[in-house]
There are 2 protein chains.
Amino acid sequence: MNKRSSAPTLQDVARMAKVSTATVSRCFNTPDKVIETTRDRVLEIVEELGYTPHFGGRTLASNRSNTVGAIIPTIDNAIFARGIQAFQETLAQNNVTLLIASSGYDPEREFQQIRSLISQGADGLLLIGHARPIKTYDFLQRRQIPYVVTWNYREDSNSFNVGFDNRKAGSKITNEILKFGHKRIAVITGHTEFNDRALDRLNGVRDAMKSSGISELNLAIISTTYSLKSGADAFEDFMTRKPRPTVIMCGNDVLATGAITRANEMGIKVPYDVSVTGFDDIDLAEVVQPKLTTVHVPHRRMGKSSAKLLLDILNGKQDCQSLELEIEIVLRQSLGNAF
Amino acid sequence: MNKRSSAPTLQDVARMAKVSTATVSRCFNTPDKVIETTRDRVLEIVEELGYTPHFGGRTLASNRSNTVGAIIPTIDNAIFARGIQAFQETLAQNNVTLLIASSGYDPEREFQQIRSLISQGADGLLLIGHARPIKTYDFLQRRQIPYVVTWNYREDSNSFNVGFDNRKAGSKITNEILKFGHKRIAVITGHTEFNDRALDRLNGVRDAMKSSGISELNLAIISTTYSLKSGADAFEDFMTRKPRPTVIMCGNDVLATGAITRANEMGIKVPYDVSVTGFDDIDLAEVVQPKLTTVHVPHRRMGKSSAKLLLDILNGKQDCQSLELEIEIVLRQSLGNAF
DNA sequence: TTGCCTAATGTAAGCGCTTACACTTGACTA
DNA sequence: TAGTCAAGTGTAAGCGCTTACATTAGGCAA
């Protein structure tokens, strides 16, 4: 990597403005401690030189970076995009920069990324979901790293936590489905290892079935990766089984869209031949035909609230609180009566 | 922001391993200059302490950060997600971290973000498109910042550049459309100010029409923001005009999907009543009914190649070359004969 | 006038790291 | 045997910045 040789330094500015480096520094950090005439002169030079403070020097000296990190499973998925965008916007309003890294749903990589972001100077972190190895939590604990867990809310969590209860959400949509008279339920879920959102949703389905007195024997599950094609393939798999399920619940809208697309190709009519539901309520849900009945997740609010909480923690605010958000079921056309 | 007080330092490691700080440092940076027994001892302590090198110190001392920044118009859009994901993966393979910032299509904010990323220590940058104010280029020039422009390829660019020629692409799909006998063409484009991709695509349409001897009077244009709803509204607007266009070309697949969705709602049959085309070939294109005829953009290849080029530049490799990628037209169902 | 206080600014230490240079040791060559 | 060299390690300077503390100057009360 090459040198950033030509970058002007605080020294350069100080020399040209005929003040000490301390004064220049104060112009940035505590402007009201510098008399206006001096400040103007300094800022003029700053402009002229195109001076930008050197981040490394700054963090070293002040032991803070105004940077937080977020580690998300993948960038390439609409599921996270909206929430992260809101998270970032809120941080930006507070002059905090966001570093984004992705783990590819791999806890080991997540751990590395956490270390990497911390050594990059991140003051705090945003993490998705609760499920991660103890050693990761140990590290966070030992290094006293402020962090917020989002995308899932758990009553009993030891972490600061903003999100919705995926288990309740799973139950809620299942109850809705049961109202339509469905008995044979199939679930296409994302892999549940180290993905507590997926796992909790699935357990929510089980909860609801149990409390309605429906045997687990009526529940069929395929777990797969999050892609249109996986959703489509899993759908086809279910449709070749006998007896067919009457409803196919999908772990997110991407899987559900894949399923419906395949249904259309196979000439299977949704919801007349089989119902399909999604989860998330991303744009896709209103694009696919028939439109998806799904769980509406308040992504933007989640991102914004997470940012606020993390900022509060970092600013040492007292009694910071975890926050549970509510979800709603959005009834569209892909869920119909059991036949 | 709070202190990271409890982080162990190089010193701590050195003391516990009974070596100098230089040796510990070498274990990380030039491991083959340290004899194995020493290295093992050091790494053991590193593990035990959960030591992570302090980024600030590191950048200060070495004047490099192994970090590059990317400024994209928005995170919340599938258009960029795939390419950026590939970009990031390639960097990660080379132990380079990616910082992502978003500009919201605003050149002023882009400039700020560039400054911010640079002061964060980014060694180089990825920028989307060529269109930005001179002062931004001046800054990049003056500070000698290595950068790669992507998502558009221009023969005459002064910048390192990986992408496809949006103008040619615009022509190419227009020619395809003309083969289907279309004469009255409507375009729904993103705003073209400081968006050279959109502008070039539009100019490509004009080029193709001109060389086929079709008057500009047969071209209607609406420029709008990139969202499903904007696409839908613009579509409806066009459909109420007389005479109606026979084909609606959309600046990207999101707009096109919005258009088709609205068509379905209005009972307008695509492609029998009107044809619709997109641009990008994201997942959406195969989900919407009818499936989209669109321009396939090699997003992943673009991201990967951009990363490689940027890394080469940063490593001071000689004769780095800009790279033009080819696009292809994907014929699906949304384009039919003019009626 | 003297003494005290405050506001503005300067001085200089040191944040954690890399690296040029110096030193030590042991092996090899002439 | 002395001389040369390379490998492994240590010493210490200094990267750009913040900030505790020191200094200066001017205003005001006694």
Side-chain angles (χ1 to χ4, degrees), chain A residues 1-42 45-46 49-67 115 118-123 143, chain B residues 1-42 45-46 49-67 118-121 123 143:
Chain A
M1 300 273 171
N2 72 334
K3 305 273 173 180
R4 312 203 294 108
S5 47
S6 47
T9 70
L10 241 212
Q11 283 254 27
D12 298 332
V13 178
R15 200 178 314 121
M16 290 188 62
K18 302 198 191 308
V19 294
S20 70
T21 55
T23 300
V24 179
S25 174
R26 278 189 281 256
C27 286
F28 289 105
N29 300 303
T30 48
D32 44 329
K33 288 195 178 168
V34 179
I35 205 165
E36 194 173 339
T37 54
T38 312
R39 204 186 328 139
D40 288 352
R41 186 152 38 94
V42 169
I45 306 283
V46 165
L49 257 45
Y51 168 75
T52 317
H54 186 283
F55 175 79
R58 212 170 196 185
T59 0
L60 240 200
S62 70
N63 214 0
R64 83 190 55 147
S65 71
N66 281 298
T67 290
R115 292 179 74 132
I118 289 306
S119 70
Q120 294 271 349
D123 292 327
R143 293 290 287 275
Chain B
M1 300 271 170
N2 71 335
K3 305 272 172 179
R4 311 203 294 109
S5 48
S6 47
T9 71
L10 241 212
Q11 282 253 28
D12 298 334
V13 178
R15 198 178 316 123
M16 290 188 60
K18 302 196 191 311
V19 294
S20 70
T21 56
T23 299
V24 180
S25 174
R26 279 190 280 258
C27 285
F28 289 106
N29 300 301
T30 48
D32 44 330
K33 288 195 177 165
V34 179
I35 204 165
E36 194 173 339
T37 53
T38 311
R39 203 186 328 139
D40 288 351
R41 187 152 38 94
V42 169
I45 306 284
V46 165
L49 257 45
Y51 168 77
T52 317
H54 186 282
F55 176 78
R58 211 170 198 185
T59 0
L60 242 200
S62 70
N63 213 0
R64 83 189 53 148
S65 69
N66 281 299
T67 290
I118 289 306
S119 69
Q120 293 271 349
D123 292 327
R143 293 289 287 274

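Protein chains get the first letters and strands the later ones, always in sequence-line order, with residue 1 at the start of each. As a basis for the values below, the full set of heavy atoms in this structure was taken, side chains included, without hydrogen atoms, waters or symmetry mates.
Of the candidate nucleotides dA12(D), dA12(C), dC17(C), dA12(D) has the atom lying nearest to any side-chain atom of Ala22(B). Taking every side-chain heavy atom of Asn29(A) into account, dT18(D) is the closest of dC17(C), dT9(D), dT18(D). Closest to the side chain of His54(A), from the set dC17(D), dT11(D), dT19(D), is dC17(D). Here dT9(D) is the nucleotide among dG16(D), dT9(D), dG10(C) with the atom lying nearest to any side-chain atom of Thr23(B). Side-chain proximity of Ser25(B) to dT19(C), dC15(D), dG16(D): nearest is dT19(C).
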Open item on the list: Would Arg58(B) and Asn29(B) count as a side-chain hydrogen bond (donor to acceptor under 3.5 Å, both in side chains) here? Give the steps.
Closed with: CA-CA 11 Å; Arg58(B) 211 170 198 185; Asn29(B) 300 301; 3.2 Å; yes
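Put simply, the side chain of Arg143(B) gets close to the backbone of Gly50(A): a donor and an acceptor are under 3.5 Å apart. Proximity of a side-chain donor or acceptor of Thr59(A) to a complementary backbone N or O of Phe55(A) within less than 3.5 Å is detected.
OP1 or OP2 of dC15(D) has not a single side-chain nitrogen or oxygen of Asn63(B) nearer than 4.0 Å. Proximity of Thr21(B) to the phosphate of dT18(C): no side-chain N or O atom is located under 4.0 Å from OP1 or OP2. Between Thr38(A) and dT9(C) there is a side-chain N or O to OP1 or OP2 distance below 4.0 Å. Residue Arg58(A) places at least one side-chain N or O under 4.0 Å from the OP1 or OP2 atom of dT18(D). Ser20(A) has a side-chain polar atom (N or O) that falls below the 4.0 Å cut-off from OP1 or OP2 of dG10(C).
Taking only distance into account, the side chain of Arg26(A) meets the base of dG10(C) through a donor-acceptor pair shorter than 3.5 Å.
Rounding to the nearest 0.5 angstrom, the gap separating the CG atom in Asp123(A) from the CD1 atom in Ile118(A) is 8.5 Å. Taking CG from Asp32(B) and CZ from Arg39(B), the interatomic distance works out to 7.5 Å, rounded to the nearest 0.5 Å. Distance check, rounded to the nearest 0.5 Å: CG of Asp40(B) to CD1 of Ile35(B) gives 10.5 Å.
The two residues Val19(A) and Thr38(A) have their closest heavy-atom pair at CG1-CG2, 3.9 Å.
Protein atom CG of Asp32(A) is 9 Å distant from nucleotide atom P of dA8(C), rounded to whole Å. What separates CD1 of Ile35(A) from P of dT24(D) is a distance of 19 Å, to the nearest Å. Rounded to a whole Å, the CD atom of Glu36(B) is 14 Å from the C1' atom of dG8(D). Rounded to whole angstrom, the span from the CG atom of Leu10(B) across to the P atom of dT11(D) amounts to 15 Å. At whole-Å resolution of the value, CG in Leu60(B) and P in dG16(C) are 12 Å apart. The distance between atom CZ of Phe28(A) and atom C1' of dG16(D), rounded to the nearest whole Å, is 13 Å. We find that NZ of Lys33(A) is positioned 9 Å from P of dT19(D), with the value rounded to whole Å. Note: CZ (Arg39(B)) to P (dA7(D)) measures 15 Å, nearest angstrom.
Taking five base pairs at each end of the helix from dT1(C)-dA30(D) to dA30(C)-dT1(D), the local helix axes there meet at an angle of 50°, rounded to 10°.
A residue-by-residue look at Arg41(B) and Gly56(A) shows that Arg41(B) has its nearest nucleotide of DNA chain D further toward the 5' end.
For Thr9(A), the side-chain contact (heavy atoms from CB on, under 4.5 Å) criterion is met by Gln11(A), Asp12(A), not counting sequence neighbours.
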